[in-house]
J.: 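Attaching a single structure in structure tokens format; questions to follow.
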There are 4 protein chains.
Amino acid sequence: MTKRARRKAERPTEILDAAFEEFVKTGYSATRLQDVAKRAGVTKGTIYFYFETKERVFQEMMRHKSQELLPDLERIAAKSVGSHAQRLRALVTFFLGRIAEDRTGRETLRLLIAEGSRFPDMVDQYHDEFMQPVIDHFKRVITAGVTAGEFRAASATSFTEVAVSPAMLLSIWLMLFGSRRALDIKSFTEASMDLIMKGIEER
Amino acid sequence: MTKRARRKAERPTEILDAAFEEFVKTGYSATRLQDVAKRAGVTKGTIYFYFETKERVFQEMMRHKSQELLPDLERIAAKSVGSHAQRLRALVTFFLGRIAEDRTGRETLRLLIAEGSRFPDMVDQYHDEFMQPVIDHFKRVITAGVTAGEFRAASATSFTEVAVSPAMLLSIWLMLFGSRRALDIKSFTEASMDLIMKGIEER
Amino acid sequence: MTKRARRKAERPTEILDAAFEEFVKTGYSATRLQDVAKRAGVTKGTIYFYFETKERVFQEMMRHKSQELLPDLERIAAKSVGSHAQRLRALVTFFLGRIAEDRTGRETLRLLIAEGSRFPDMVDQYHDEFMQPVIDHFKRVITAGVTAGEFRAASATSFTEVAVSPAMLLSIWLMLFGSRRALDIKSFTEASMDLIMKGIEER
Amino acid sequence: MTKRARRKAERPTEILDAAFEEFVKTGYSATRLQDVAKRAGVTKGTIYFYFETKERVFQEMMRHKSQELLPDLERIAAKSVGSHAQRLRALVTFFLGRIAEDRTGRETLRLLIAEGSRFPDMVDQYHDEFMQPVIDHFKRVITAGVTAGEFRAASATSFTEVAVSPAMLLSIWLMLFGSRRALDIKSFTEASMDLIMKGIEER
DNA sequence: GATGAATGAGGCTTCATTCAT
DNA sequence: AATGAATGAAGCCTCATTCAT
């Protein structure tokens with residue numbers, strides 16, 4: 001494959017990466033495709049060669065950026081061992097840690113929240129392909145723990161959305177306040193773990 | 001007071017209310033002041049008689065809409081009675097219930113998330129005047145409960161941000177998925193209460 | 001006459017004076033009647049009570065401000081004595097001196113030049129009621145001097161517009177460059193006088 | 001050079017020429033870029049492709065139009081021969097003749113006078129790059145004539161601004177009154193020449 | 001007489017999109 | 001494939017003018 005051909009094959013991705021940065025910086029409406037082009041090192045025309053409209057660029061970018069967390073989560077879940085409590089701890093640790101590190105995931109969520117009403121399908125997709133699977137991961141481990149007698153059979157274990165709550169707070173806090181009103185991530189993670197484990201364990 | 005004077009006094013609020021609806025519908029950039037005007041029953045020019053720029057309309061609107069929850073929270077906290085556990089329950093119940101009912105609060109948060117990078121001062125203000133006070137309310141009750149021996153002295157009770165997590169998940173879920181992917185609010189509230197109370201109570 | 005009545009009678013003049021300053025500062029189109037009102041210590045509505053439109057304010061202001069130089073010139077001419085050379089010297093001295101001092105006259109000319117194409121009648125009026133009379137004043141003295149044998153009978157004395165030239169240069173220079181590129185008015189006046197007198201005197 | 005490239009190279013000039021006509025017709029503030037575009041045979045957007053703002057269009061246009069007289073003046077001065085009196089005559093003849101013919105130069109001056117307070121740098125530039133050089137041209141010839149004993153050593157020859165006066169009167173007269181109050185240019189030139197030459201010649 | 005809230009036409013400017021090269 | 005000149009719809013904002021009080 002020639003260097004030129006390689007570049008050609010990478011163009012769309014380069015454009016979507018550039019689009020991500022620009023959309024994050026100024027939001028959908030206020031972002032100029034001109035700036036996306038400049039950041040990607042191409043010209044406006046080139047963007048229109050690969051994507052029909054600005055909307056399309058946004059949608060493809062979101063699709064492109066949304067598919068990174070889930071595989072890792074599955075990998076973690078697959079190879080997790082030990083008691084159910086240990087497995088749940090591993091899940092929580094990984095998940096919160098990932099959110100703390102993963103700026104892309106947070107910004108994707110931000111864009112989803114910001115532009116959701118303009119792109120309802122995208123929101124549905126985010127729910128079905130990310131949110132619900134994440135909740136289900138938790139549900140699987142927790143339900144197994146209940147069956148095994150490690151966790152209480154109660155509303156806290158049957159409605160696992162609540163176990164994901166700390167992750168959501170962390171996401172929003174980091175995207176909103178970032179460094180301006182810093183959050184002690186380590187303490188927050190410990191507190192979350194403490195609350196969740198003590199909250200569901202059988203006595 | 002004459003009819004004219006009465007109108008003048010009410011105009012700014014009418015405009016800000018209309019602005020809220022429009023900004024919520026399409027976001028800051030994509031909202032036309034023209035439409036805000038129409039919704040408020042005035043013309044473009046009138047908006048500029050009361051507010052300098054579109055940015056100013058947005059900021060004033062956010063300020064106007066942000067100051068509704070806190071007083072109620074304080075009222076609840078003030079007149080709460082019983083054990084610390086009972087008081088915490090009352091707080092959680094009120095808070096989640098309020099989020100479920102209060103579309104305005106959720107949409108305000110949505111706008112803050114969406115346009116935060118454009119209005120950093122607004123974000124700081126939101127943290128200082130809303131987020132932190134809410135956390136502090138929880139901290140006060142929980143800390144008192146720890147002192148009284150009702151709650152465990154542990155990370156879950158020292159880092160009270162985590163107790164607010166369910167509220168954040170509920171907010172985001174409702175603003176994002178709304179009716180499209182309904183959440184059983186009653187069950188979620190029960191699960192949250194269950195997790196929090198069991199998670200922090202002394203055994 | 002009551003104080004109120006007196007104020008009332010002065011209002012139009014106050015407005016025109018304010019209008020002069022504002023129009024001078026920003027030109028006809030860019031001047032806001034709002035600012036004129038504020039400077040005059042009234043509100044927009046009041047201006048419209050006295051004048052039909054912005055155009056009218058401008059026209060009346062120009063009429064108001066244009067009628068100050070001529071009477072003085074006539075007074076000087078009337079009471080001038082001595083040889084024709086002495087009388088011409090007096091005229092030149094007064095005229096250049098007056099231009100140097102009279103910011104109003106210069107700014108009026110500036111506005112006329114700037115907005116002339118919008119107000120052709122105003123230009124005609126300026127010519128007929130100011131420019132031509134000034135030239136005629138010079139012509140009267142110079143022609144008398146020629147008849148008396150003091151001045152040469154030549155084109156320089158028959159086409160007296162040329163004797164007014166230095167005044168025009170001074171006007172434009174002061175209005176354009178003002179203090180930024182200062183002109184030595186005393187030297188300029190001397191040079192003008194020298195040129196004119198030596199240029200037309202009989203030998 | 002392709003057709004497209006040729007257009008691109010010519011566009012800015014075409015736009016500035018169109019801008020000149022429109023600004024002359026209605027002044028800076030009242031001129032619509034829309035009309036400039038139409039006259040240039042393009043659309044609004046195209047103007048903004050080449051120039052940042054309306055102000056910029058005006059400034060570039062003034063720069064573009066201001067640089068036409070001086071080179072000719074220098075050419076005339078360079079190849080002038082004969083006595084100093086003859087050389088001065090040539091200069092005056094050329095200068096007044098040029099002003100009479102050169103509508104562009106007069107309109108440029110008109111715009112400068114009209115909009116000078118909005119564009120002070122432009123005024124300074126006009127002084128430094130046009131006014132002063134012209135005066136210096138006259139000064140050079142006259143001073144040489146004084147040294148050679150042809151002209152008197154007096155204020156009229158040391159302060160050469162005065163020798164430029166007739167040109168200024170002619171400019172203003174033509175731009176203000178134009179055809180409405182016609183001036184006999186030939187007679188005016190003769191009278192100017194007569195006054196200047198007799199006014200400075202040694203006897 | 002005077003006020004100033006309200007109007008709405010109109011101008012500057014931006015930017016998604018097109019298309020000839 | 002890629003460019004970038006050109007378009008023109010659309011939005012923010014201004015301000016002359018009106019008119020109820």
Side-chain angles (χ1 to χ4, degrees), chain A residues 4-5 7-9 11 29-37 41-57, chain B residues 1-9 11-12 29-37 40-57, chain C residues 4-5 7-8 11 29-38 41-57, chain D residues 1-9 11-12 29-37 40-57:
Chain A
R4 190 192 176 95
R7 274 202 72 74
K8 195 167 59 172
R11 274 282 148 74
S29 286
T31 290
R32 284 166 296 181
L33 244 25
Q34 174 94 265
D35 292 339
V36 173
V42 299
T43 57
K44 267 177 306 171
T46 304
I47 293 182
Y48 278 91
F49 181 79
Y50 291 105
F51 307 95
E52 291 173 54
T53 63
K54 185 185 178 183
E55 256 190 56
R56 216 45 177 264
V57 173
Chain B
M1 197 186 245
T2 68
K3 200 178 298 179
R4 192 184 176 96
R6 207 174 326 118
R7 288 320 298 261
K8 196 202 162 177
R11 278 273 189 268
S29 287
T31 291
R32 284 168 299 175
L33 243 28
Q34 175 96 260
D35 291 340
V36 173
V42 299
T43 58
K44 265 178 311 171
T46 303
I47 293 183
Y48 282 93
F49 184 78
Y50 291 101
F51 306 95
E52 291 173 53
T53 61
K54 185 184 178 183
E55 256 190 55
R56 217 40 172 262
V57 172
Chain C
R4 189 190 177 96
R7 275 202 70 74
K8 196 168 57 172
R11 274 282 150 75
S29 287
T31 290
R32 283 166 297 182
L33 243 27
Q34 174 95 264
D35 291 339
V36 172
K38 185 187 287 183
V42 298
T43 57
K44 269 178 305 174
T46 305
I47 294 184
Y48 279 90
F49 182 79
Y50 291 105
F51 307 94
E52 292 172 53
T53 62
K54 186 184 178 183
E55 255 190 58
R56 215 43 177 264
V57 173
Chain D
M1 196 185 246
T2 68
K3 201 177 295 177
R4 194 186 175 94
R6 207 175 326 118
R7 288 319 299 258
K8 194 204 163 178
R11 278 272 189 269
S29 287
T31 290
R32 284 168 300 173
L33 243 27
Q34 173 98 260
D35 292 339
V36 173
V42 298
T43 58
K44 267 176 308 171
T46 302
I47 293 183
Y48 281 91
F49 184 79
Y50 292 102
F51 305 96
E52 291 173 53
T53 60
K54 185 183 178 184
E55 254 190 58
R56 215 43 171 263
V57 172

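From a predicted model like this one, the values you see are computed outputs, not experimental measurements. Chain naming here is simple, since letters A, B, ... match the order of the sequence lines and numbering starts at 1 in each.
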J.: When we call it a touch if two heavy atoms are under 4.0 Å apart, what does B/S29 touch: a base, just sugar-phosphate, or nothing?
T.: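 It contacts nothing in the nucleic acid.
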J.: Please tell me if the side chains of A/T53 and A/R56 come closer than 4.5 Å, counting only heavy atoms from C-beta onward.
T.: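 Heavy-atom side-chain distance check passes, below 4.5 Å.
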J.: By nearest nucleotide on DNA chain E, pick out whichever of B/Y50 and D/R32 is the more 5' one.
T.: B/Y50
J.: Between CG of A/D35 and NZ of A/K44, what distance do you get to the nearest 0.5 Å?
T.: 10.5 Å
J.: Which atom names give the shortest non-hydrogen contact between B/I47 and B/L33, and what distance separates them?
T.: CD1-O, 3.5 Å
J.: Expressed in angstrom and rounded to an integer, what is the separation of B/Q34 atom CD from F/dT14 atom P?
T.: 16 Å
J.: Only pairs with both distances under 3.5 Å count, Watson-Crick or wobble alike; so what is the partner of E/dA20 in this structure?
T.: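 Paired with E/dA20, as far as the under-3.5 Å criterion goes, is F/dT3.
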J.: Of all the nucleotides listed (F/dT17, E/dA2, E/dA16), which has the minimum atom distance to the side chain of A/Y48?
T.: E/dA16
J.: Could you state the CZ-C1' distance from A/F51 to E/dT18, rounded to the nearest angstrom?
T.: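 One finds 18 Å between C1' of E/dT18 and CZ of A/F51, rounded.
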J.: Starting at atom CZ of C/F49, determine the distance to atom P of F/dC19, rounded to an integer number of angstrom.
T.: 16 Å
J.: Nearest nucleotide by nearest heavy atom, which residue falls closer to the 5' end of DNA chain F, C/A30 or B/T31?
T.: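 Result: B/T31.
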J.: Between C/T46 and E/dT3, is there a side-chain N or O to OP1/OP2 distance below 4.0 Å?
T.: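 Checking C/T46 against E/dT3: at least one side-chain N or O falls below 4.0 Å of OP1 or OP2.
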J.: Which heavy atom in D/Y50 sits nearest to a heavy atom in D/P12, and how many Å separate them?
T.: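 Closest approach of D/Y50 to D/P12, heavy atoms only: CD2-CG, 3.8 Å.
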J.: E/dA6, F/dC13, E/dC12: which one has an atom nearest the side-chain heavy atoms of D/K54?
T.: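 Between E/dA6, F/dC13, E/dC12, the one nearest the side chain of D/K54 would be E/dC12.
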J.: Identify the heavy atoms of B/T31 and B/K54 that sit nearest to each other, and give their distance.
T.: O-NZ, 2.9 Å
J.: Taking atom C1' of E/dG8 as reference, at what distance in whole Å does atom CD1 of B/I47 sit?
T.: 13 Å
J.: Taking the side chain of B/T53 as its heavy atoms from C-beta onward, which of F/dC13, E/dT7, F/dA6 lies nearest to it?
T.: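 For the B/T53 side chain, the nearest candidate turns out to be F/dC13.
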J.: Nearest-nucleotide wise, let me know which of B/G45 and D/L33 is further upstream toward the 5' end of DNA chain E.
T.: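 Result of the comparison: B/G45.
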J.: On a plain distance test, is the side chain of B/K44 in donor-acceptor contact with the base of F/dG11 below 3.5 Å?
T.: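 When only heavy-atom distances are counted, B/K44 does not reach the base of F/dG11 through any donor-acceptor pair under 3.5 Å.
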